Each structure stands twice: as structure tokens, then as C-alpha cells.
Amino acid sequence: MTVIERQDLLHLLDHTESHCVSAYMPAHRKGADIRQDPIRYKNVLRTASDRLAQAGLTEGEARRRMEPLEHVIFDGDFWRHQGDGLAMFVGEDLVEIRRLPIPVEELVVVSDRFHLTPVLPLVIGATRFHLLALSQRRVQLFEATPEGIQEMPLRDVPHSLDELTRYVDAETQIQWHTGTAMTSTVGGPAQRPAMFHGQGTSGDETMEKRRLHEFCTAIERGVSTLLENDRSPLLLAATEPIIGIYREVNSHPTLQEQVLRGNPDRSDVRDLHREAVELLRDEFDRPRQESLERYVRYAGSDLASDNVEHVITAAHDGRVHTLFVGLADHIWGRYDLNARQVEYIHGSQHAGDEDLLDHAACMAFRTGAMIHVVDRESIPDQKPLAAVFRFAM
């Protein structure tokens, strides 16, 4: 029941079969709405069963297909630990529930592949970042997008300065050096005094600063290991002297120059998220602005299009360089891959329909396109989708 990561999305993209169920619903972290979430969830499962029956399964088969998701309905602990949304993916031999750090609209799609546009923002590098909230009392690492934030588990690191001792003690056997032969002033072997890594030799270095250095080093080691292959921005929320010390020991290449200054313990996570997004606004806007300029440059030529059939065909051919797609938009219908054309389009979802915008987005993602899942107001000419191609046909 973890959040969606890039490898999860690629796995879901590769899964094709009849009657794949993709279901999304908003969820709540706190407040009275938490009590309503199980009811909404139960209704979503009922809708999914109805859609499966409309797509050709018997009512009994449809209920059995959704039954593995029912066990969490009465799980109070599950509902007390939510993000901003839930995603459910069900196939004949696949059942997954994913907590989402971003809000999503309620949506159920039954098709021959999974509907994934709502979770694309979680794995698009240009809009993902990590936030490390660091104080002497608490250490938290978050994964976030401009739309939402979710805490990540940090293992094998001290979660407060008071916890540091047991992590230091674990290294004592290596760091202590005893029994090394020295020349005695009386001619016999002497013992070198025991030395511990972190024991200060400078007279003006305080014990507190040495402990903070060890603290930051242990945290940095854990963070860098966890984010080893991740190149999304890492933002630090802390106060001095922790800011300076952490920068000194940091080895992760994407640590940002900008810092959320102030004690993160005194801020709600939503406030930290809002401040972080504002601080990284230029970082997020730059790729989208560059993509928009690229589209404007090629609009009206064979290197750009806002026609859904042309874009899907280009996505299957690996020709899509950049794609804008509306987060809340849907075009229901079917694309015939053999004929390379849209068979039909409906104004609302019918049995057997897929979202053609999702089809374009998933195929473009698979072939490495730059994708912007945004409000329609941010798409050129406010169309449901728009694309720039790598080359013309």
C-alpha cells in the first residue's frame, strides 16, 4: 500500500488484459472527512463491479474480482494513515492499493490496460522533489510534487540528536583504536590512548558542534543511500548551524542552494510544502515554459499537433518529444492500433471505452517524452492535449 514510484508505473504500463480496473478517489489525512472515506471507498468498489458487469463479466465474476479490496473497508488504522488520494489497480492476478500524496478526482475505468494519467505527476522528474526537514528533535524526509507531499520512511539513521548515541555506539568497534604498539620512555611497549572518531582535537570546537556533525553525517549517509539514483531536487528545511553543517557533509548532487529557513518542528507539513513549492517555483516552471515556447515555435507545422488521433499515432511511433495533457480532461473512445486511427469518440464513458488522452500520455511516457500533466488553462490554446514531435512523417 505504498506510493507510486517510477518502476511501479512501468510495471503497470506493461500489464495488459481484458477488464483491467483502475479506480481513484480523494482521501483525507485528518478531520471529519476521514470517517466518510470508507463509505466513498465502498461506493467506488461498487461502481467498479458495475463497470465490470457492463464490460461483459457476470455479476458474480465482477464481485469476486473486486472482493480482495474489501478487507480495508473496516480497517480503522488504514484510514487514519492516508495521503490525499487512493489508487486501486485490479487485474485477474493483480491487486494493488496505493496511497497518493496528491489529490485525485473520483474515477473508475475498465479497459484492456490501466489508466495512469492521475499518477504521472508522481514520476515526472521535472515536478518531483524531496524535502528534508531537519532539527535536533526530529528528522523527516518527504517526497513531493507541487500538488502534494508524502513522508518517506528513513531507516538506519538517528531520528533525533538524542538517538545519535546508539548509532555512534554501533561504530565504536571500528572507530576505537586500542593496543597499538608505541615506544615507551622506559624501553618497553606502551599502549596508544584510545581514540574515537569525532573526538575533537581543536580547542575551540565545542562538543555540541561535534555531535551535530556526527548527527548530520549519519542522516546524510541514509538520505544519499535512499536517493542514490534519484535526480529530483532535494530541499533542506532547517536552521543554523545545522544548515551549514549538513551542506559541509552532503554528497547528494541535487541538494538545492535555496533553504527553508526556520525550525520545521514549528510548521505544519502543509505549510512546509506550500513554502517549498514557492521556493522551487522557477525550477518547476522553467521546463514547462520551455516546452510551451517549443510548441508555439512549431504550431501550424508537421512538428506539432493538438489532434488526439495524430498524437496517439505519433506516441506509438516514438515521435512525441513533448506532450501537454489536461489533468481533469477525458476523451472517451477507442483507438484501433492496427488501423492506426480513432474508431469512435463518446461524450461520456461507455462500456469498453478508454480515455484517449490517457492512451496518448502513457504511450508518450513509455518512449521518454517530456510530459506536462496540467490544468487545461496551461495547455496551448486551452485544448485537452498538445504535442511537439521529434520529427515529421
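Nothing here was measured: the structure is a model prediction, and the numbers come from that model.
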Looking at R210, is its backbone amide N or carbonyl O close enough to the side chain of E214 to form a donor-acceptor pair, meaning the two atoms are under 3.5 Å apart? no
Close side-chain approach of L116 to F89, heavy-atom, < 4.5 Å: yes
Specify the closest pair of heavy atoms between A360 and A315, including all atoms of both residues, with the distance to one decimal. O-CB, 4.0 Å
Contact check, side chains of L9 and L120, non-hydrogen atoms, under 4.5 Å: yes
Excluding sequence neighbours, so at least two apart, what forms side-chain hydrogen bond (donor to acceptor under 3.5 Å, both in side chains) with R65? none
Across all chains, not counting sequence neighbours, the side-chain hydrogen bond (donor to acceptor under 3.5 Å, both in side chains) partners of R261 are none
Given side chain to side chain donor-acceptor pair (under 3.5 Å), test H372 with S378 step by step and report yes or no. CA-CA 9 Å; H372 303 283; S378 300; over 6 Å; no
Look only at the side chain of R40 and the backbone of P26, and say whether a donor-acceptor pair between them is shorter than 3.5 Å. no
Can you sort out the partners of N263 under side-chain hydrogen bond (donor to acceptor under 3.5 Å, both in side chains), two or more places apart, ordered by chain and number? none
Please examine the side chains of L45 and E70, heavy atoms only from C-beta on, and report whether any two atoms are closer than 4.5 Å. yes
Does one hydrophobic cluster hold both F129 and V269, with members joined at side-chain heavy-atom distances below 4.5 Å? yes
Partners meeting side-chain contact (heavy atoms from CB on, under 4.5 Å) with E248 (sequence neighbours left out): H213
Determine, stepwise, if the pair D8 / H11 fulfils side-chain contact (heavy atoms from CB on, under 4.5 Å). CA-CA 5 Å; D8 301 318; H11 171 70; 5.6 Å; no
State the CD-CG distance between E106 and L86, to the nearest 0.5 angstrom. 11.0 Å
Interatomic distance, L255 atom CG to L132 atom CG [nearest 0.5 angstrom]: 8.5 Å
Is it the case that one hydrophobic cluster holds both V44 and L69, taking links as side-chain heavy atoms less than 4.5 Å apart, direct or via other members? yes
Looking only at heavy atoms, the pair that brings L235 and A276 closest together is CD2-CB, 3.6 Å
Considering residues at least two apart in sequence or located in another chain, which fulfil the ring pair (Phe, Tyr, Trp, His ring centres under 6.0 Å) criterion with H115? none
Look at D230 together with R6 and state whether they make a salt bridge at an N to O cut-off of under 4.0 Å. no
First locate atom NE2 of H15, then atom CG of L94, and finally report the distance between them rounded to the nearest 0.5 Å. 5.0 Å
So, Q150 side chain and G83 main chain: donor-acceptor pair closer than 3.5 Å or not? no
Exam field: side chain H159 to backbone L154, donor-acceptor pair closer than 3.5 Å: yes
Pairs in or reaching into residues 345-374: which pass salt bridge (Lys or Arg N to Asp or Glu O under 4.0 Å), with residues at least two apart or in two chains? D14-R366, R113-E354, R113-D358
So do the side chains of R99 and F78 get within less than 4.5 Å of each other, counting heavy atoms only? yes
Please tell me whether Y298 and F389 form a close aromatic pair, meaning their ring centres lie under 6.0 Å apart. no
Taking V320's backbone N and O only, do any of them form a donor-acceptor pair with R390's side chain (distance below 3.5 Å, no angle check)? yes
Tell me whether E61 contacts the main-chain N or O of L57 through its side chain, where contact means a donor paired with an acceptor under 3.5 Å. no
How about H330 and H346: are their ring centroids closer than 6.0 Å? no
Would you indicate whether the side-chain heavy atoms of H310 and R319 approach each other to under 4.5 Å? no
Within the distance-only criterion (no hydrogens, no angle test), does the side chain of R231 pair as donor or acceptor with the backbone N or O of E228 below 3.5 angstrom? yes
Distance, nearest 0.5 Å, that separates OG1 of T145 from CG of L100: 10.5 Å
Search all heavy atoms of P158 against all heavy atoms of V139 and return the closest pair with its distance. O-CG2, 3.7 Å
Sorted by chain and number, sequence neighbours left out, ring pair (Phe, Tyr, Trp, His ring centres under 6.0 Å) with Y41 holds for W79
Consider only side-chain heavy atoms of I, L, V, M, F, W and Y, link residues closer than 4.5 Å, and tell whether V388 and I379 are in one cluster. no
Straight-line distance of L212 CG to K209 NZ, nearest 0.5 Å: 9.0 Å
Main-chain N/O of P380 paired to Q382 side chain as donor or acceptor, under 3.5 Å: no
Residues in side-chain contact (heavy atoms from CB on, under 4.5 Å) contact with R138, at least two apart in sequence or another chain: S135, Q140, D265
Search all heavy atoms of P101 against all heavy atoms of L122 and return the closest pair with its distance. CG-CD2, 3.4 Å
Same apolar cluster (I L V M F W Y, side chains within < 4.5 Å links), Y344/V110: no
Side-chain heavy atoms under 4.5 angstrom apart, residues restricted to Ile, Leu, Val, Met, Phe, Trp, Tyr: same cluster for M363 and V342? no
Sequence neighbours left out, what pairs pass side-chain hydrogen bond (donor to acceptor under 3.5 Å, both in side chains) with at least one residue falling in residues 18-30? H28-D37, R29-D84
Heavy-atom closest pair, residues P38 and R35: CD-O, 3.5 Å
Calculate, to the nearest 0.5 Å, the distance between atoms SG and CG belonging to C216 and L161 respectively. 9.0 Å
Pairs satisfying salt bridge (Lys or Arg N to Asp or Glu O under 4.0 Å), at least one member in residues 302-316, at least two apart: D306-K383
Residues in side-chain contact (heavy atoms from CB on, under 4.5 Å) with E220, at least two apart? S224, Y246, V249, N250, S251
Kindly check if the number of other-residue, nucleotide or ligand heavy atoms within 6.0 Å of CZ (R297) is above 12? yes
Please check if atom CD in E59 has more than 12 non-hydrogen atoms from other residues, nucleotides or ligands closer than 6.0 Å. no
side-chain hydrogen bond (donor to acceptor under 3.5 Å, both in side chains) partners for Y335, two or more places apart: T313
Please check if the side chain of T322 supplies one atom and the backbone of M370 the other of a donor-acceptor pair under 3.5 Å. no
Side-chain heavy atoms of R294 within contact of H321, under 4.5 Å: yes
Test P384 against every option in L357, V308, V325 by the side-chain contact (heavy atoms from CB on, under 4.5 Å) rule and name the one that passes. L357
Note, H252 side chain near V223 side chain (heavy atom, < 4.5 Å): no
Identify the heavy atoms of A23 and V108 that sit nearest to each other, and give their distance. CB-CG2, 4.2 Å
Set out, in order, the CA-CA distance, both residues' side-chain angles and the distance that settles side-chain contact (heavy atoms from CB on, under 4.5 Å) for D112 and R334, then state yes or no. CA-CA 11 Å; D112 55 8; R334 295 292 297 181; 3.3 Å; yes
Between the side chain of R247 and the main-chain N/O of E257, is any donor-acceptor distance below 3.5 Å? yes
